[in-house]
Amino acid sequence: LTIAICDDNPGDISILKDFIEDYKTMRQVCMDIDTFSSGEEFLSGLKQKNYDIIFMDIYMTGLSGIETVRHLPLSFSLLPAGNMRLKHSG
């Protein structure tokens, strides 16, 4: 399973990555996680690799998450998550 996290806030990336890593360890699932700090960086990375799951911040400087999603190939299915808040206990 390949996962991309795109967020311009390093703290948010760290929390989500730790959450996924904990799940990965608990369930013994093979996951490859890549992180990106901008929409432009993500789109560049997308040329190198396909992702099964993408976590995208919609409020980023430069290319916003919404603008970034508009550049995705039509083969992607979008599931809006709304305002998700993660509570990290660790």
In this structure, are over 12 heavy atoms from other groups packed under 6.0 Å from Lys17 atom NZ?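 Not more than 12 within 6.0 Å, no.
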To check you understand the geometry: which heavy-atom pair defines the closest contact between [X] and [Y], and what is its length?
X	Y	result
Ile13	Phe36	CD1-O, 3.7 Å
Ser38	Cys6	O-SG, 3.3 Å
Ile3	Tyr51	C-CD2, 3.6 Å
Leu1	Asp52	CA-OD2, 3.3 Å
Ile20	Met31	CG2-SD, 3.7 Å
Asp8	Tyr59	OD1-O, 3.8 Å

Sub-4.5 Å side-chain heavy-atom contact between [X] and [Y]:
X	Y	result
Leu43	Lys47	no
Ile5	Asp34	no
Lys49	Asp32	yes

Check: [Y] main-chain N/O paired with [X] side-chain donor or acceptor under 3.5 Å:
X	Y	result
Glu41	Ser37	yes
Thr25	Glu21	yes
Glu40	Leu63	yes
Gln48	Gly45	no

Which distance, rounded to the nearest 0.5 Å, do you find between the CG of Leu46 and the CG of Leu72?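 The CG atom of Leu72 is 6.5 Å from CG of Leu46, to the nearest 0.5 Å.
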Point-to-point distance, once rounded to the nearest 0.5 Å, from NE2 of His71 to CZ of Phe42: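 Output value for this atom pair is 12.0 Å.
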Going through the distances and angles, do Thr35 and Phe55 end up as a side-chain contact (heavy atoms from CB on, under 4.5 Å)? CA-CA 9 Å; Thr35 61; Phe55 292 94; over 6 Å; no
Derivation and outcome, side-chain contact (heavy atoms from CB on, under 4.5 Å), residues Ile66 and Arg70: CA-CA 6 Å; Ile66 293 170; Arg70 289 186 179 138; 3.8 Å; yes
